[in-house]
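Because the structure is predicted, anything quoted here is derived from the model rather than measured.
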Amino acid sequence: MMNTSAQPQSFTTANPHALATILEASQTKSIIASTDIFDVSGTKLWARDQPVSQALQRKLLDRQLRQPLESCLLAEDGVTAHSLVQSLERLIERDGPLAPLLRPHAAKLLREAPHLPLHPVVQLLLTAGQASRPESFDHALQAMALNGALTISHGGSTQELRLAMLCGLLHDLGEMYIAPEHGEADADGALSFQSYQHLVVHPHVGKLLLQQLTDYPSAVARAVAEHHERLDGSGYPHCLQREHLSSPGRQLAVTEAVLAVLRGDCPQLARASVALRVVPGEFELGWVGPIAYASGLEPALQASLSRDEIQVRLALLDAALQTAHVGIVALASTAQSQALMDALGLAQHLLARLRKGWNASGLWIDGDVAVQDAAEVEAVEQELLYRLRGIHSATLLRAGKLPAGDLQSLALLGEQLGA
């Protein structure tokens with residue numbers, strides 16, 4: 001389990017990143033105090049109906065508040081059910097990789113979008129995100145639509161459809177509480193450990209936000225907490241496994257994984273389908289099916305490398321997997337702390353999952369890569385290499401503070417993983 005104890009368990013102090021986003025949005029949106037704002041000692045900091053400004057930021061510095069700031073503010077001209085439908089219409093009309101998934105279900109998605117409840121705290125944060133972090137709002141909109149489309153494809157009820165769309169819309173609210181440069185949209189594909197350390201807690205923060213400041217069903221908060229978990233325990237922040245994950249959380253994890261690929265350099269559903277299948281047992285196959293089917297409607301993947309180049313990279317990846325395994329075993333024999341042993345146990349588990357993906361893909365078979373398979377083999381190789389590099393960050397986070405000798409050992413492991 002990854003450590004989230006360093007994160008706030010309440011919202012009695014204004015989060016500087018969320019506040020900065022709200023203040024930036026106030027330059028173009030009317031955001032006011034919906035009630036008088038007091039600190040815990042009873043000092044009045046801001047009056048009801050007063051617009052927010054930089055002066056509020058100065059007054060809130062290091063102050064414990066009687067009520068969470070988010071519960072005291074109102075976006076008067078922000079996101080509404082009507083504007084949400086308009087944004088959804090534009091998304092569905094947009095040509096792009098999501099089109100074959102969304103357009104067949106456009107009527108139902110547009111019919112149910114106005115019925116999604118927008119709690120004032122959520123409406124405030126969505127408005128702030130739309131105004132000052134537009135890429136995050138677009139991501140939330142895509143997740144709302146895709147999660148809904150998956151539910152429709154499975155014959156879900158109206159209640160299940162609304163729940164799925166709501167989970168998608170709200171799943172990344174926790175990112176507003178970390179610095180923008182550490183967010184998924186702004187960080188590059190190979191996250192630094194510092195960015196990973198910040199990013200990995202956003203599902204937990206999102207869950208706390210929904211639990212403490214809204215009246216949404218507990219299933220929504222739980223799904224938000226689980227949207228980066230994996231059935232095989234290789235996800236974050238808590239490395240939960242199948243039996244501990246809710247059905248909405250499993251579905252939302254597929255939605256998030258698809259959109260993560262579509263944010264990358266090769267935004268194709270076929271790439272997303274590869275990412276969902278590359279390591280067997282990560283995702284619920286029932287939710288993967290519609291993605292694989294829709295990807296088949298696209299033009300076939302095209303390899304960017306020659307078959308010889310792909311063969312060389314496959315050999316390098318195989319060697320890297322073997323070297324990492326040997327390195328982990330060697331480090332475990334000299335570890336000075338239980339914390340390092342636990343971290344290496346996680347690394348071994350994650351590495352074994354990648355080896356399972358390697359074995360299942362048939363990449364280990366000697367011989368030339370067939371022309372018709374080259375693009376998919378290249379996509380599998382790239383996805384496995386990306387996952388391999390991520391093991392180091394996950395291991396460091398699990399380890400926490402270590403003796404100098406153990407830290408040096410983990411640095412060596414990072415080199416072996418290509419981090």
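Aromatic ring centres of H17 and Y177 lie farther apart than the 6.0 Å criterion allows.
With respect to K29 and D77, no salt bridge is recorded, no charged nitrogen being found less than 4.0 Å from a carboxylate O. A salt bridge links R355 with D318: the closest approach of a Lys/Arg side-chain nitrogen to an acidic carboxylate oxygen falls below 4.0 angstrom. A salt bridge between K108 and E112 is absent, with no side-chain N of the basic residue lying under 4.0 Å from a carboxylate O of the acidic one. The pair R263-D138 does not count as a salt bridge, with every side-chain nitrogen at least 4.0 angstrom from each carboxylate oxygen.
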- prompt: Would L173 and V224 satisfy side-chain contact (heavy atoms from CB on, under 4.5 Å), going step by step from the backbone distance to the final call?
  reply: CA-CA 9 Å; L173 285 180; V224 166; over 6 Å; no

request  = Take E229 and H238, measure what side-chain hydrogen bond (donor to acceptor under 3.5 Å, both in side chains) needs, and give me the verdict at the end.
outcome  = CA-CA 7 Å; E229 300 287 358; H238 296 301; 5.5 Å; no

Report task. Mind running side-chain hydrogen bond (donor to acceptor under 3.5 Å, both in side chains) on H139 and H171 for me, showing each step along the way? Result -> CA-CA 10 Å; H139 177 70; H171 79 286; 3.1 Å; yes

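Applying the salt bridge (charged side-chain N to carboxylate O under 4.0 Å, His left out) test to R111 and every residue at least two apart in sequence or in another chain returns nothing. The side chain to side chain contact (heavy atoms under 4.5 Å, CB included) search around P134 returns none, not counting sequence neighbours. Shown here are the salt bridge (charged side-chain N to carboxylate O under 4.0 Å, His left out) partners of R387, two or more places apart in sequence or in another chain: E282, E383. In this structure, H119 has no ring-ring contact (aromatic ring centres under 6.0 Å, His included) partners at least two apart in sequence or on a different chain. Residues satisfying the side chain to side chain contact (heavy atoms under 4.5 Å, CB included) criterion with T13, sequence neighbours excluded, are Q64. Evaluation of the side chain to side chain donor-acceptor pair (under 3.5 Å) rule for T127 yields no partner, not counting sequence neighbours.
Relative orientation of the H202 and Y236 rings is perpendicular, given thresholds of 30° and 60° on the angle between their planes.
Just one residue in the list R90, E89, H82 forms a side-chain hydrogen bond (donor to acceptor under 3.5 Å, both in side chains) with Q86, and that residue is H82.
A donor-acceptor contact under 3.5 angstrom links the side chains of S246 and E226, judged on distance only. One side chain, Q382 or R271, offers a donor N or O that lies under 3.5 Å from an acceptor on the other.
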